[in-house]
Amino acid sequence: MSIRTNYEKWYSTDDYYWGLEPGDFLEELIRLCPPEAGKKVLDIGCGEGKDAVYMAQKGYDVSAFDLTENGIRKTIKLAETKKLSINAYVDDINTFEIQEQFDIVYSTGTVQYLFEQNKKEFFDKINRITKKNGVVYFNAFVEKPFLELPPDWDLEEKMWKAGELFTFFPDWKVERIDEVIFEDFSGGVPHFHCMDTIICRKMLL
Ligand SMILES: C[S@@+](CC[C@H](N)C(=O)[O-])C[C@H]1O[C@@H](n2cnc3c(N)ncnc32)[C@H](O)[C@@H]1O
């Protein structure tokens, strides 16, 4: 079992660490790329599966991975309770390999685990595995000199520079781009995050 992330421990109980409410931007993604038959979604860093299962409920064919065995176990269990099937498996954002292409590639709260030297290759990979007209969603925690590191900051997490995420999609059509500061209570201690978000569409092959 991996000890590279505290999430293995945080996901070991029957509770869902992040709850079961789907992510804020899923409805926007669904509107931008509606779930017609056979549309495929990839969730990178799916945690305990709340968003992957929600997308499967909406009718997409969903694949999802996370570094934690407990997260994947709970993702599969959550899907089963809703009589859904998801292709969920353990993998690493730094090294994963996928041959197929997706209509939606989604990753929330996870690119801070990309090692600096892997960032360019990762986004080249994202370009390859996204279908033409497909849509991607990414967010990144960004550093601000007036904000402290969150109390539950994990072993291999690294803050991004403000605006850095947006530089990886120069040839895509931007559907949303923003930066917000919000309060969070994860880990039981109130704290603030600054987060950059991008939703964009692949226009060219
Ligand atoms: C902030 S949580 C977000 C989880 C999920 N996306 C959600 O919103 O519920 C970050 C996730 O990244 C996963 N993670 C950590 N290192 C990873 C890696 N190297 N590759 C893939 N996932 C990783 C953690 O296990 C955790 O589930």
Side-chain angles (χ1 to χ4, degrees), residues 1-29 41-57 60 62-79 86-98 102 104-119 121-123 125-126 129 136-143 149-160 165 180 182-189 191-199:
M1 182 176 284
S2 168
I3 51 160
R4 286 174 46 199
T5 168
N6 285 315
Y7 282 103
E8 197 66 89
K9 183 173 68 224
W10 295 336
Y11 292 164
S12 65
T13 68
D14 286 342
D15 297 335
Y16 278 73
Y17 187 85
W18 299 110
L20 290 172
E21 282 295 307
D24 289 343
F25 293 97
L26 290 181
E27 294 306 328
E28 192 169 339
L29 277 181
V41 172
L42 175 66
D43 184 350
I44 297 176
C46 64
E48 300 157 301
K50 63 179 171 47
D51 294 339
V53 171
Y54 184 75
M55 293 303 261
Q57 265 179 301
Y60 297 96
V62 178
S63 294
F65 71 82
D66 195 274
L67 192 63
T68 60
E69 292 174 13
N70 281 325
I72 293 306
R73 178 179 54 77
K74 289 167 90 173
T75 297
I76 292 168
K77 189 172 155 202
L78 187 60
I86 286 187
N87 174 31
Y89 55 96
V90 173
D91 212 337
D92 185 338
I93 192 172
N94 284 284
T95 54
F96 79 100
E97 292 294 342
I98 293 182
F102 298 87
I104 296 179
V105 178
Y106 171 80
S107 183
T108 182
T110 303
V111 298
Q112 71 276 13
Y113 291 100
L114 267 176
F115 299 143
E116 191 63 36
Q117 67 272 21
N118 294 338
K119 285 181 178 174
E121 193 187 330
F122 173 80
F123 285 105
K125 211 179 285 179
I126 295 304
I129 67 171
V136 303
Y137 172 99
F138 285 94
N139 58 30
F141 294 110
V142 300
E143 62 190 346
L149 267 189
D152 57 349
W153 202 235
D154 200 9
L155 305 174
E156 289 185 350
E157 286 184 292
K158 199 150 185 314
M159 288 278 176
W160 284 48
L165 179 65
V180 293
F182 62 96
E183 192 167 20
D184 187 18
F185 298 91
S186 63
V189 183
H191 54 279
F192 288 91
H193 290 288
C194 182
M195 180 167 267
D196 283 1
T197 295
I198 188 166
I199 299 177

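One-based numbering, in listed order, for ligands and for the atoms of each. Any value given below was found using the heavy atoms of this structure, including those in side chains, with hydrogens, waters and symmetry copies removed.
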More than 12 heavy atoms of other groups within 6.0 Å of Lys125 NZ: yes

Heavy atom under 4.0 Å from ligand 1: found in Lys50's side chain, backbone, both, or neither? side chain

Could you check whether any heavy atom of Cys46 sits closer than 4.0 Å to an atom of ligand 1, since that is the contact criterion I want to use? yes

Please write down residue, atom name and distance for the protein heavy atom closest to atom 26 (C) of ligand 1. Tyr11 OH, 3.4 Å

So which heavy atom in the protein is nearest atom 17 (C) of ligand 1, and how far is it from that ligand atom? Leu67 CB, 3.6 Å

Any N/O of Asp66 closer than 3.5 Å to an N/O of ligand 1? yes

Indicate whether the side chain of Thr68 and that of Asn70 have a donor and an acceptor atom separated by less than 3.5 Å. no

Residue pair Val105 / Ile44, side-chain heavy-atom distance below 4.5 Å: yes

Measure from atom 2 (S) of ligand 1 to every heavy atom in Phe96, Phe141, Trp18 and give the option owning the shortest one. Trp18

For atom 6 (N) of ligand 1, what's the nearest protein heavy atom and its distance? Gly45 O, 2.7 Å

Cut-off 3.5 Å, side chains only: do Tyr89 and Asp66 have a donor facing an acceptor? no

Quick one: does Ile104's side chain get under 4.5 Å of Met55's, heavy atoms only? yes

Around Glu121, counting heavy atoms of other residues, nucleotides and ligands shown, do more than 12 lie under 6.0 Å from its CD? no

How far is atom 19 (N) of ligand 1 from the closest protein heavy atom, and which atom is that? Asp92 OD1, 2.9 Å

Side chains of Thr197 and Asn139: do they bring a donor and an acceptor to under 3.5 Å? no

Starting from atom 3 (C) of ligand 1, which protein heavy atom do you reach first, and at what distance in Å? Thr108 O, 3.6 Å

Among Tyr113, Tyr106, Phe65, which one has a heavy atom closest to atom 15 (C) of ligand 1? Tyr113

Using a 4.0 Å heavy-atom cut-off, which part of Arg4 comes near ligand 1: side chain, backbone, both, or neither? side chain

Contact partition for Ser107 relative to ligand 1, non-hydrogen atoms under 4.0 Å: neither

Measure the distances from the heavy atoms of Glu8 to every atom of ligand 1 and state whether one is below 4.0 angstrom. no

N/O of Ile93 under 3.5 Å from N/O of ligand 1, yes or no? yes

For Trp160, give me all partners under side chain to side chain donor-acceptor pair (under 3.5 Å), at least two apart in sequence or on another chain. none

Distance from atom 10 (C) of ligand 1 to nearest protein heavy atom, with residue and atom: Gly109 O, 3.2 Å

Under 3.5 Å, side-chain donor or acceptor atoms of residues 14-24 against the rest of the protein: list the pairs with distances, not counting sequence neighbours.
residue, atom, partner, partner atom, Å
Tyr16, OH, Lys74, O, 3.1
Tyr17, OH, Asp152, OD2, 3.2
Trp18, NE1, Tyr11, OH, 3.1

Between Asp91 and ligand 1, which residue portion shows a heavy-atom distance shorter than 4.0 Å: side chain, backbone, both, or neither? backbone

Judged by atom type as modelled, is there a donor-acceptor pair below 3.5 Å linking the side chain of His193 to the main-chain atoms of His191? no

